[in-house]
There are 2 protein chains.
Amino acid sequence: MRVRDESKIETILDEARSMIVKVGFDGLSMQKLAKAANVSPATIYIYFKDRDDLLLQLYKRECDQFFAYIFQDFDPEMDFATGLTIQWKKRAKYIIDNPDKGHFMEHFTFTPLHAQAKRTRDPKYTDSMKRFVQKAIANGELVKMSLEVYWSVAFAPLYNLVRFHKIGRNMAGDPFVLTDEMLLQTLALVLKALKP
Amino acid sequence: MRVRDESKIETILDEARSMIVKVGFDGLSMQKLAKAANVSPATIYIYFKDRDDLLLQLYKRECDQFFAYIFQDFDPEMDFATGLTIQWKKRAKYIIDNPDKGHFMEHFTFTPLHAQAKRTRDPKYTDSMKRFVQKAIANGELVKMSLEVYWSVAFAPLYNLVRFHKIGRNMAGDPFVLTDEMLLQTLALVLKALKP
DNA sequence: AAGATAAGTGAATGTTCATTCATTTAAAAT
DNA sequence: ATTTTAAATGAATGAACATTCACTTATCTT
């Protein structure tokens, strides 16, 4: 039998992500996507059940790649400041170096499709972060708080700054460019907030 | 001449917001919107040039209403902790009480249309916040930082928690319900981060 | 009460949409 | 070399799309 061209799948997903960032979910059509990926519309349906399935698989792939990356070099047994700094810098580097990927993942969470995104993500990453946080609290390195409060204080400011940077404007619509200095200062503020 | 029924505009915009939150931007069609708002599709085009114009006007209306609300009872001459606490609580109340409005405004910022959102917002709000921050820094109540870093540290954690609450899940997909206790703790952490 | 005007409409327009299907193509298996 | 199998396709399908248009309706002005 003829063999699957796996690179087609990658191309289709890459083009889909890039189109969504450029023209939005409502600008993405299967025919335009097929053209951009140099395949027939029918080919897309070999690999994806329908449009929703394509988007859900794309989201899953992006999350998997992102998590695999940010948990490199991270060990939950690290001391709190070290571990958080590594996590922060990994996340910052990934979404600054791959602005479309970060933008897509965030955009997707506001979509109704996000409710259907299966919890098939490898739980090892979540478990690792839970362990890291609980251990830091037990060791007196981190104020006692829920995982959600921790995550929000630790990472939401970072994602927000990078988003300002990507769109080139701040909350008021003024031009904005992110600097390393700002990132480091924000990390320092976050550490200050979280340390007892 | 026949008089404009201004309530029609409100109904159309309200239904549009609610549809977008429920079915996404790609699920919103002018015909379905017309049906939901109990008007003819042609009526929508009396008030809005086209679909994009409708969405842009909706975003503007939501932002205007939001800013008018959160700057009530706020005075940039307040001391830093008081002013930030008022801002924080106003924002929290608004987006928790009006989850669709908050969701729509945030979702919209990820949309390509956001780049076209005119800077017609009343600058008095931005000016007020700038004055508040600069004065707090000058008074030694706030670490020296850019407006963007301030905003990200101060408010991004709040918006993130409320978003978890709205979708009912945290970053790992586990069920999540926001409590007042968490909100207050997060505010305290943010204040700790920002105060010298 | 009549006329003027703009609000409001239902049906129609041509386009684009997601998806399918009959057919062709490439490569593995024999 | 031939057969088998699934990948891959271009064209087609009917539904849904944004928008328009000829027309009706309500209300203000006179």
Side-chain angles (χ1 to χ4, degrees), chain A residues 1-61 104 107-108 111-117, chain B residues 1-59 61 104 107-108 111-114 116-117:
Chain A
M1 68 159 189
R2 192 168 171 181
V3 78
R4 277 198 178 199
D5 183 351
E6 293 292 334
S7 77
K8 276 198 167 57
I9 304 182
E10 296 300 306
T11 307
I12 291 167
L13 291 177
D14 287 347
E15 289 295 333
R17 187 192 58 231
S18 138
M19 285 181 68
I20 288 163
V21 170
K22 204 180 290 172
V23 295
F25 280 84
D26 45 350
L28 175 81
S29 87
M30 299 306 264
Q31 337 223 30
K32 286 191 283 188
L33 173 58
K35 187 153 286 183
N38 279 310
V39 296
S40 158
T43 303
I44 299 177
Y45 288 86
I46 295 172
Y47 299 104
F48 307 99
K49 188 177 148 292
D50 53 27
R51 196 183 112 112
D52 281 3
D53 181 50
L54 167 76
L55 295 173
L56 287 165
Q57 281 192 229
L58 172 56
Y59 179 64
K60 183 178 179 342
R61 188 192 69 154
F104 169 77
H107 188 173
F108 190 89
T111 282
L113 224 46
H114 184 240
Q116 297 176 45
Chain B
M1 69 160 185
R2 191 169 172 179
V3 79
R4 276 199 180 198
D5 184 351
E6 294 291 334
S7 76
K8 276 199 167 55
I9 304 181
E10 296 299 305
T11 307
I12 291 167
L13 291 176
D14 286 347
E15 290 294 333
R17 187 190 59 231
S18 138
M19 286 181 67
I20 287 163
V21 170
K22 204 180 290 171
V23 296
F25 280 84
D26 45 349
L28 175 83
S29 88
M30 300 304 265
Q31 336 223 29
K32 286 191 286 190
L33 173 58
K35 189 154 283 183
N38 278 312
V39 297
S40 158
T43 303
I44 298 177
Y45 289 85
I46 296 172
Y47 298 104
F48 307 99
K49 187 178 149 293
D50 53 27
R51 197 184 108 113
D52 281 3
D53 181 51
L54 167 77
L55 295 173
L56 287 164
Q57 279 193 230
L58 172 56
Y59 179 65
R61 190 192 68 156
F104 169 78
H107 187 172
F108 190 88
T111 282
L113 225 44
H114 184 239
Q116 297 177 44

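In what follows, every chain begins at residue 1, and chains take the letters A, B, ... in the order their sequences are listed.
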Could you pull out the closest heavy-atom pair between [X] and [Y], with the gap in Å?
| X | Y | result |
| --- | --- | --- |
| A/R4 | A/I9 | NH1-CD1, 4.4 Å |
| B/A16 | B/L58 | CB-CD2, 4.0 Å |
| A/I20 | A/L55 | CD1-CD2, 3.5 Å |
| B/F48 | B/I12 | CE1-CG2, 3.9 Å |

Would you mind reading off the distance between [X] atom [atom1] and [N] atom [atom2], rounded to a whole angstrom?
| X | N | atom1 | atom2 | value |
| --- | --- | --- | --- | --- |
| B/I12 | C/dG8 | CD1 | P | 9 Å |
| B/I9 | C/dG8 | CD1 | P | 8 Å |
| B/D50 | D/dT20 | CG | C1' | 13 Å |
| B/I46 | D/dT19 | CD1 | P | 15 Å |
| B/Y47 | D/dT20 | OH | P | 17 Å |
| B/D5 | C/dT9 | CG | P | 9 Å |
| B/E6 | C/dA7 | CD | P | 10 Å |
| B/D26 | D/dC17 | CG | C1' | 13 Å |

Touch class at under 4.0 angstrom, heavy-atom based, for [X] against every strand present:
| X | answer |
| --- | --- |
| B/L33 | nothing |
| A/I44 | nothing |
| A/S29 | sugar-phosphate |
| A/K32 | sugar-phosphate |

Donor-acceptor contact present, side-chain B/T111 to main-chain B/L113, <3.5 Å: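 No; judged by distance alone, with no hydrogens or angles, the pair does not exist.
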Short side-chain N/O contact from B/K8 to OP1 or OP2 of C/dG8, under 4.0 Å: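 Result: yes.
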Do [X] and [N] share a donor-acceptor pair, side chain to base, under 3.5 Å?
| X | N | answer |
| --- | --- | --- |
| B/S40 | C/dG10 | yes |
| B/R2 | D/dT25 | yes |
| B/Q31 | D/dA16 | no |

Among C/dT19, D/dT20, D/dA7, the one nearest A/R4 by side-chain distance: D/dA7
Shortest side-chain distance from B/R51, nucleotide among C/dC21, D/dT19, C/dA18: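 Out of C/dC21, D/dT19, C/dA18, the nucleotide with an atom closest to B/R51's side chain is D/dT19.
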Residue whose closest nucleotide on DNA chain D lies nearer the 5' end, A/V3 versus A/A42: A/V3
